[in-house]
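Residue numbers begin at 1 in each chain, while the letters A, B, ... track the order of the sequences.
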2 protein chains.
Amino acid sequence: MTKQRAAVSAVLDRVDDFRSAQQLHDELRTGGDSIGLATVYRTLQALSDSGDVDVLRTEDGENLFRRCQRSEHHHHLVCRTCGRTVEIDGPTVEAWAESIGAAHGFVDIEHTIEIFGTCESCATTR
Amino acid sequence: MTKQRAAVSAVLDRVDDFRSAQQLHDELRTGGDSIGLATVYRTLQALSDSGDVDVLRTEDGENLFRRCQRSEHHHHLVCRTCGRTVEIDGPTVEAWAESIGAAHGFVDIEHTIEIFGTCESCATTR
DNA sequence: ACCTTCTTGACACTGATTATCATTTAGCGG
DNA sequence: CCGCTAAATGATAATCAGTGTCAAGAAGGT
């Protein structure tokens, strides 16, 4: 593995909320790492393909990345103000989605679920 | 109401699966309606704000639109091959999402849920 | 018909992401 | 260590959905 990939991996380890590719690129550059934007994108792509980072799409179409704790299928509860993220494991919904699909004759069911809210500290600060 | 908005509304009535803004624009032009792309976007934006159309984000970041049957909060079961869409009403998940959020001290909970699958006819044709 | 206001539409622009391609590096056999 | 080859990198150009701009056009009341 190249030093660039190691660097990307390292930043992802340092933060625990979702960051955009460009934010990560800035942080790397600021931290003294010499790395191109394209490489950051490529690395994040690879990490997401291998299931090592989670991808979140904001409403304005930007992709945010975050190292994920668990590799199994899971969802996120994200604070819309500070970005704090809790990984959610929801057997209930998994089963629900599956049964809904089956009830309508659909197969190969997949689903996307994201939960947004305002976390406790952001709610009180406001 | 202008004739352009009426035209957009009319196409949306004619189809019942998700279409992109540009697809709708093409169909309007082909159908003889003179309308600008910007107007299509503006109209769709307005319709989605007023809850008259549903918006779906594809994985490559494109917005798809569809006239929705029910105005209340609901989700979609979409065939990934033909685009056939079933509107889903899920009190179970609504409650689930709410309780998950509350359990972690989050307030103002929102969620996005989409279910994808292959519908019966597409599964057999394949 | 007149005036005021909102809408339209051609086109320029944005901003994230991807493609290009020449240069550099990693990893390996010798 | 030394080269060698395939893969990775990075500066920059290209892409593409969507939005802003602004002059010209329609709406609708008087």
Nearest whole angstrom, please: distance from the P of C:dT18 to the CD of A:Gln22. 11 Å

Just call it for B:Thr39: base, sugar-phosphate, or nothing, with non-hydrogen atoms closer than 4.0 Å on any strand. base

Could you check whether B:Ser34 gets within reach of a base, just the sugar-phosphate, or nothing at all, counting any heavy atom under 4.0 Å? sugar-phosphate

With respect to the phosphate group of D:dG10, does any side-chain polar atom (N or O) of A:Gln4 fall under 4.0 Å of OP1 or OP2? yes

Applying a 4.0 Å non-hydrogen cut-off, can you work out what B:Leu37 is touching in the nucleic acid: base, sugar-phosphate, or nothing? nothing

Spacing between A:Leu56 atom CG and C:dA16 atom P, to the nearest angstrom: 16 Å

Below 4.0 angstrom, N of the basic side chain to O of the carboxylate: do B:Arg19 and B:Glu62 qualify? no

Short side-chain N/O contact to D:dA8 OP1/OP2 from A:Lys3, under 4.0 Å: no

Just to be sure I understand the rule, does A:Asp60 reach a base, reach only the sugar-phosphate, or reach nothing, if contact means heavy atoms closer than 4.0 Å? nothing

Grab the NE2-C1' distance between B:His25 and C:dG9 for me, whole Å please. 9 Å

Counting only side-chain N and O atoms of A:Asn63, is one of them less than 4.0 Å from OP1 or OP2 of C:dA16? no

Can you check whether B:Thr2 has a side-chain N or O nearer than 4.0 Å to OP1 or OP2 of C:dC6? no

Salt bridge flag under 4.0 Å for residues B:Glu110 and A:Arg80: yes

Mind checking if A:Arg42 touches a base, just sugar-phosphate, or nothing, with heavy atoms under 4.0 Å? base

Interatomic distance where OH belongs to B:Tyr41 and P belongs to C:dT8 [whole Å]: 16 Å

How about B:His73 and B:Asp89: does a side-chain donor come under 3.5 Å of a side-chain acceptor? no

Atom pair distance, as rounded to whole Å: CD in B:Glu59 and P in C:dT18: 12 Å

Counting side-chain heavy atoms from CB outward, which of C:dC11, D:dG10, D:dA8 is closest to B:Ala38? C:dC11

Rounded to whole Å, the CD-P distance (A:Gln45 to D:dA8) equals 14 Å

How many Å lie between CG on A:Leu44 and P on C:dA16, as a whole number? 14 Å

Quick one, A:Phe18 with A:His76, criterion ring-ring contact (aromatic ring centres under 6.0 Å, His included). Give me CA distance, side-chain angles, the key distance, then yes/no. CA-CA 11 Å; A:Phe18 281 92; A:His76 299 106; 5.3 Å; yes

Could you check B:Met1 against B:Phe65 and say which one's nearest nucleotide on DNA chain D is further toward the 5' end? B:Phe65

C:dG9 P sits how many Å from B:Ile35 CD1, rounded? 6 Å

Carboxylate-amine/guanidinium proximity below 4.0 Å for A:Glu59 and B:Arg57: no

